[in-house]
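Notes to accompany the following structure.
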Amino acid sequence: MKKTILITGASSGIGKATAKLFQSKNWNVIATMRNPKADMELKNLKHVLVTKLDVTDDQSISDAIHKGIKEFGNIDVLLNNAGYGAYGPLEAFSKEQIVRQFDTNVIGLLEVSRALIPHFRKNRNGMIINISSMAGKMTLPFGALYHGSKFAVEGISEALSFELEQFGGRMKIIEPGAIATEFAGRSLELQNDETIIEYQDLVTKLMGNVKVMFENAAEANLVAGVIYEATTDGTDKLRYTAGEDAAVIIENRHALGDDAFIQEIKKQFGIQ
Ligand code: NDP
């Protein structure tokens with residue numbers, strides 16, 4: 001029987017590329033987004049339901065799930081992909097900005113999962129795939145919010161894997177490196193306060209570092225391919241890196257240990 005995946009944040013980047021890949025592999029796709037009216041592409045594909053879901057809006061979560069089940073009868077896989085990056089000195093952020101980062105990247109992911117798990121449990125089957133990041137395994141200066149949210153995704157996902165296994169469900173974590181999407185553009189909330197002179201040198205270095213990282217960014221299709229592999233490989237493997245940079249950096253942290261790895265980051269930023 002044809003399988004069905006529900007994807008959050010399918011309006012662009014990794015979510016959209018994954019929607020197209022799964023559709024081409026003969027899956028039903030519930031492509032959810034905050035503003036479905038803006039979609040001009042996915043709605044024209046067969047077996048794709050484009051519908052509204054804002055991960056910070058509980059009603060839109062349950063409406064999207066109900067619509068998806070009504071259309072396709074069942075949901076087999078949830079891809080928690082929606083997210084964005086807030087970077088900058090903590091002092092420069094308002095409480096609203098802090099809450100929005102965690103509401104979207106963490107609480108949103110928990111709420112969509114919480115809404116779908118009873119369906120998975122009833123079916124004694126179901127997979128949750130959480131988009132973490134190499135940013136969930138290492139940090140950069142001024143990344144307290146974004147890295148904090150992705151470290152949370154790592155811990156949440158690992159702990160949930162035990163829970164899902166109790167009824168035959170499965171968890172997968174995807175850790176992409178730099179990927180050419182809207183992430184380094186409209187999905188990057190850069191906050192600074194130029195009057196705090198102590199940070200400005202390091203802020204400039206961070207900007208330069210991010211620019212270089214994204215000059216060699218991989219395509220969103222690469223991540224979509226890794227997500228498809230994670231969904232279909234039939235293994236209990238929990239974590240999948242996507243991109244050469246992510247594989248190298250995560251392996252380095254593992255090999256060096258925390259303290260030596262952090263020293264390397266300091267060297268890279270000229271902090272000694
Ligand atoms: P994009 O900016 O292209 O996509 C982000 C998506 O998240 C958009 O569809 C956006 O929707 C959606 N989104 C944001 N807030 C909400 C919300 N409240 N409810 C529903 N959807 C929301 O970037 P990516 O494709 O790169 O990002 C996807 C995921 O990949 C994120 O979790 C990101 O952290 C992660 N990631 C990205 C990397 C990269 O280098 N690109 C690296 C590692 C991880 P809208 O169109 O409405 O704004």
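As the structure is a prediction and not an experimental result, all values here were calculated from the model. For this chain, numbers begin at 1 and follow the sequence in order. Read the numbers this way: they start at 1 and go in the same order the structure lists the ligands and their atoms.
Below 4.0 Å from some heavy atom of Phe214 lie the following atoms of ligand 1, by number and element: 40 (O). Listed by atom number, the atoms of ligand 1 under 4.0 Å from Thr104 heavy atoms are 15 (N), 16 (C), 18 (N). Within ligand 1, the atoms closer than 4.0 Å to a non-hydrogen atom of Ser11 are 8 (C), 9 (O), 11 (O), 45 (P), 46 (O), numbered from 1 in the order shown. Distances below 4.0 Å separate heavy atoms of Leu53 from the following atoms of ligand 1: 20 (C). Set against the non-hydrogen atoms of Ala178, the atoms of ligand 1 under 4.0 Å away are 40 (O).
The nearest protein atom to atom 33 (C) of ligand 1, hydrogens excluded, is given as Tyr146 OH, 3.6 Å; this is a heavy-atom distance. Scanning the protein for heavy atoms near atom 44 (C) of ligand 1, the closest one is Ser132 O, 3.3 Å. Scanning the protein heavy atoms around atom 43 (C) of ligand 1, the nearest turns out to be Ser133 OG, 3.3 Å. Shortest contact from atom 19 (N) of ligand 1 to any protein heavy atom: Val55 N, 3.0 Å. Of all protein heavy atoms, the one lying nearest to atom 38 (C) of ligand 1 is Gly177 O, 3.9 Å. Of all protein heavy atoms, the one closest to atom 14 (C) of ligand 1 is Arg34 NH2, 3.6 Å. Protein heavy atom at the shortest distance from atom 22 (C) of ligand 1 is Ala82 CB, 3.5 Å. Shortest contact from atom 28 (C) of ligand 1 to any protein heavy atom: Asn81 OD1, 3.1 Å.
Atom NZ of residue Lys172 and atom CD of residue Glu229 lie 8.5 Å apart, to the nearest 0.5 angstrom.
Although no hydrogens or angles enter the test, the distance criterion places a donor-acceptor pair under 3.5 Å between the side chain of Asp57 and the main chain of Gln59. At distances below 3.5 Å, at least one donor-acceptor pair connects side-chain atoms of Thr8 with backbone N or O atoms of Ala82. Put simply, the side chain of Gln166 gets close to the backbone of Phe162: a donor and an acceptor are under 3.5 Å apart. Within the 3.5 Å criterion, the main-chain N or O of Pro141 finds no donor-acceptor partner in the side chain of Lys205. Under a 3.5 Å cut-off, the side chain of His66 and the backbone N or O of Ser62 do form a donor-acceptor pair.
Both tests hold for Lys25 against Tyr228: distance to the six-membered ring centre under 6.0 Å, angle to the ring axis within 45°.
In terms of N/O distances under 3.5 Å, ligand 1 is approached by Ser12. Between Glu182 and ligand 1, a contact under 3.5 Å exists for at least one N or O pair. Taking only nitrogen or oxygen atoms, main chain and side chain alike, Ile179 reaches within less than 3.5 Å of ligand 1.
Between Lys20 and Glu41, at least one side-chain nitrogen of the basic residue sits less than 4.0 Å from a carboxylate oxygen of the acidic one, meeting the salt-bridge criterion. Salt bridge absent: Glu165 and Arg170 never bring a charged side-chain N and a carboxylate O closer than 4.0 Å. Residues Glu264 and Arg253 are not paired through a salt bridge, judged by the lack of any N-O separation under 4.0 Å between the basic side chain and the carboxylate. The residues Lys52 and Asp39 are annotated as not salt-bridged, no charged nitrogen and carboxylate oxygen being separated by less than 4.0 angstrom.
Taking a 4.0 Å cut-off on heavy atoms, Lys16 fails to register as neighbouring ligand 1. For Gly185, the heavy-atom gap to ligand 1 stays at 4.0 angstrom or more. Within the 4.0 Å heavy-atom cutoff, Met134 does not count among the residues contacting ligand 1. Residue contacts with ligand 1 do not include Ala135, since none of its heavy atoms lies under 4.0 Å from the ligand. Residue Asp54 places a heavy atom under 4.0 Å from ligand 1.
Contact between Leu140 and Phe269 at its shortest, heavy atoms only, is CD2-CE1, 3.8 Å.
Relative to atom 30 (O) of ligand 1, the option among Asn130, Ile131, Thr18, Ile61 with the closest non-hydrogen atom is Ile131. Within the set Ala242, Ala220, Gly83, Gly13, the minimum heavy-atom distance to atom 27 (O) of ligand 1 is found for Gly83. When the heavy atoms of Thr181, Thr56, Asp103 are ranked by distance to atom 24 (P) of ligand 1, first place goes to Thr181. The heavy atom nearest to atom 2 (O) of ligand 1, out of those in Gly85, Ser187, Gly9, Ala31, is found in Ser187.
A side-chain hydrogen bond (donor to acceptor under 3.5 Å, both in side chains) with Ser132 is found for one member of Arg239, Glu154, Lys150 and no other, namely Glu154. When the options His147, Gln191, Gln101 are evaluated for a side-chain hydrogen bond (donor to acceptor under 3.5 Å, both in side chains) with Tyr87, the one that passes is His147.
Aromatic rings from Tyr146 and Tyr84 are positioned such that their centres are separated by 6.0 Å or more.
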